[in-house]
Amino acid sequence: MSVPLIRFENVTKRFHAVTALESVSFDVRRGEFHALCGENGAGKSTLMKILSGVITEYDGQIELAGRPLIVRGTRDAESHGISIIHQELNLVGDLSVAANIFLGRERRTSIGLLDDHQMESEAARIFSQLECQIDPRSHVRSLRIGDQQLVEIAKALSLGTSGSGGSNARILIMDEPTSALTESEVERLFRIISRLREQGVTIVYISHKMDEIFQHADRITILRDGRVVKTLNKADTTPREVTHLMVGREIGASAFGMNRNAGSEVLKVEKLSLPWRGHVRQWRLKEISLAVRKGEVLGSPV
């Protein structure tokens, strides 16, 4: 068998008395879509922060293409072709979209001035690849959350971009990237992921969404309490088994919202209004009044 692209060997990380990762060992193959699953606190994001250079102190070893990987920071990881899209948005709202994408890697003219035209042009090419119509000159704070997430994705894809708009990123880590995206944006994202895989990019994907994992993943690694439980081929397992391995017990069916009787009032809202225009694009809150009773299930369109 060929050498794995990434191999984790007994990776351990402790934050004082808390052990976030304990002897984590598994591998990721070149060009695959490798899903990383586990409950909150299982250590998924910590492990990916180690791989991407956000966390630099840990025990154990990581190999890249059969050679020890020593990452001293995010720039070091980027030089190895490793980029990450964090679950938490990491953007500067008062800067333009293009400025955020190339923050810390600004394009400059021959005399050292910022080359806004080149950055905007490169950003536009990336957004064209992402099939979205975001204006590179617009301020990030003016974008809805879903579009801000796409700016994060564009930032990751911009690492090592060539003049033709292609991406040289070999390993792309995605930490819950669809959490703030609409259904159409999710479909668009996975079309982009499919094209990146055709170009040989390896995807490491953190998610709790079993439908996404079982539709797109090649293999699944499950973490629980900072340890690897198992790595499975998608074709050899089921969502029920993966969920069981994540929590360590069988999850029975639950009927939420059944046999409920509304009780006393626990929440009351009167004349709630939206304080400024443009905060919500499709609808506006205007003097909404409601009351929620104990035991009641309240649905929302947002």
Self-check item: Trace of the side chain to side chain contact (heavy atoms under 4.5 Å, CB included) decision for R191 with E187
Solution: CA-CA 6 Å; R191 288 198 300 270; E187 293 175 356; 4.1 Å; yes
Quiz item: Are the side chain of D135 and the backbone N or O of R137 linked by a donor-acceptor pair below 3.5 Å?
Solution: yes
Exercise. Could you go through the salt bridge (charged side-chain N to carboxylate O under 4.0 Å, His left out) check for E57 and K13 one step at a time?
Key: CA-CA 8 Å; E57 295 183 3; K13 176 61 183 177; 5.1 Å; no
Exercise. Applying ring-ring contact (aromatic ring centres under 6.0 Å, His included), name anything that partners F190, two or more places apart in sequence or on another chain.
Key: Y205, H216
Quiz item: Is the closest side-chain donor-acceptor distance between E185 and T182 under 3.5 Å?
Solution: yes
Quiz item: Listed by chain and number, what are the ring-ring contact (aromatic ring centres under 6.0 Å, His included) partners of F26, not counting sequence neighbours?
Solution: F8, H34
Quiz prompt | Option from K234, R30, R197 for which salt bridge (charged side-chain N to carboxylate O under 4.0 Å, His left out) with D218 holds | solution = R197
Quiz item: Looking at CZ of R227 and OG of S25, how far apart are the two atoms once the value is rounded to the nearest 0.5 Å?
Solution: 11.0 Å
Practice problem: Please report the shortest heavy-atom distance between R75 and G104, naming the atom on each side. | Solution: NH2-O, 2.9 Å
Quiz item: Would you say R72's side chain and T56's backbone share a donor-acceptor pair under 3.5 angstrom?
Solution: no
Quiz item: About how many Å separate CG of L47 and OG1 of T221, when rounded to the nearest 0.5 Å?
Solution: 9.5 Å
Quiz item: Taking C-beta and beyond as the side chain, do L223 and V228 meet within less than 4.5 Å on heavy atoms?
Solution: yes
Self-check item: Results of ring-ring contact (aromatic ring centres under 6.0 Å, His included) for H80 - residues two or more places apart only
Solution: none
Exercise. Indicate, with yes or no, if V3 and I70 share a hydrophobic cluster defined by side-chain heavy-atom contacts under 4.5 Å among Ile, Leu, Val, Met, Phe, Trp and Tyr.
Key: no
Exercise. Could you list who else is in L95's hydrophobic cluster, with ILVMFWY side chains joined at under 4.5 Å, directly or through other members?
Key: V92, L103
Quiz prompt | Spacing of I101 atom CD1 and I134 atom CD1 [to the nearest 0.5 Å] | solution = 8.0 Å
Quiz item: In Å and rounded to the nearest 0.5 Å, what is the CE to OG1 distance from M48 to T46?
Solution: 10.0 Å
Quiz item: Quick one: does K44's side chain have a donor or acceptor within less than 3.5 Å of a partner on C37's backbone?
Solution: no
Quiz prompt | Same apolar cluster (I L V M F W Y, side chains within < 4.5 Å links), V186/I203 | solution = yes
Quiz item: Which distance, rounded to the nearest 0.5 Å, do you find between the CG of L114 and the CG of D116?
Solution: 6.0 Å
Quiz item: Taking side chain as C-beta onward, heavy atoms only, is Y58 less than 4.5 Å from V24?
Solution: no
Quiz item: Is a side-chain N or O of H208 found less than 3.5 angstrom from the main chain of G38, in a donor-acceptor match?
Solution: yes
Quiz item: Is it true that a side-chain atom of R170 and a backbone atom of L5 form a donor plus acceptor pair closer than 3.5 Å?
Solution: no
Quiz prompt | Any D27 side-chain heavy atom under 4.5 Å of R29 side chain | solution = yes
Exercise. Is it possible for you to say whether V54 and I62 belong to one hydrophobic cluster, with membership spreading through side-chain heavy-atom contacts below 4.5 Å?
Key: no
Quiz prompt | A77 to L51 - nearest heavy-atom pair and separation | solution = CB-O, 4.1 Å
Quiz item: Is there a side-chain contact between D115 and R108, using heavy atoms and a 4.5 Å cut-off?
Solution: no
Quiz item: Do M174 and I193 pass the side chain to side chain contact (heavy atoms under 4.5 Å, CB included) test, and can you show the C-alpha distance, the side-chain angles, and the key distance before you say yes or no?
Solution: CA-CA 10 Å; M174 295 185 168; I193 290 175; 3.7 Å; yes
Quiz item: For the residue pair I213 and A35, what are the closest heavy atoms and their distance?
Solution: CG2-CB, 3.9 Å
Quiz prompt | Test item: side-chain donor near acceptor, Q148 and E152, under 3.5 Å | solution = no
Practice problem: To the nearest 0.5 Å, tell me how far T238 OG1 sits from L232 CG. | Solution: 9.5 Å
Practice problem: Not counting sequence neighbours, which residues clear ring-ring contact (aromatic ring centres under 6.0 Å, His included) with H86? List them please. | Solution: none
Quiz item: When you look at D59 and N10, which way does the side chain to side chain contact (heavy atoms under 4.5 Å, CB included) test go after all the steps?
Solution: CA-CA 7 Å; D59 296 320; N10 297 317; over 6 Å; no
Exercise. Using modelled atom types only, decide if a donor and an acceptor are shared between the side chain of R107 and the backbone of R105 within a distance under 3.5 Å.
Key: yes
Quiz item: Would you call V28 and I171 a side-chain contact if the rule is heavy atoms closer than 4.5 Å?
Solution: no
Exercise. Please report the closest heavy-atom contact between S83 and A156, naming both atoms and the distance.
Key: OG-O, 3.8 Å
Quiz prompt | Side-chain heavy atoms of H244 within contact of T237, under 4.5 Å | solution = no
Quiz item: Taking it one step at a time, do K49 and D175 satisfy side chain to side chain contact (heavy atoms under 4.5 Å, CB included)?
Solution: CA-CA 10 Å; K49 286 178 180 178; D175 191 350; 5.8 Å; no
Self-check item: Note, M210 side chain near M246 side chain (heavy atom, < 4.5 Å)
Solution: yes
Exercise. Mind listing the closest non-hydrogen atom pair of F15 and A20 along with its distance?
Key: CE1-CB, 3.7 Å
Quiz item: S158 side chain to K155 main-chain N or O, any donor-acceptor pair under 3.5 Å?
Solution: yes
Exercise. Using side chain to side chain contact (heavy atoms under 4.5 Å, CB included) as the criterion, list what pairs up with D225, not counting sequence neighbours.
Key: none
Self-check item: Heavy-atom side-chain contact between D147 and C132 under 4.5 Å
Solution: no
Quiz item: If you look at every heavy atom in P136 and F127, which pair is closest and at what distance?
Solution: CG-CD1, 4.5 Å
Quiz item: So, T12 side chain and S23 main chain: donor-acceptor pair closer than 3.5 Å or not?
Solution: yes
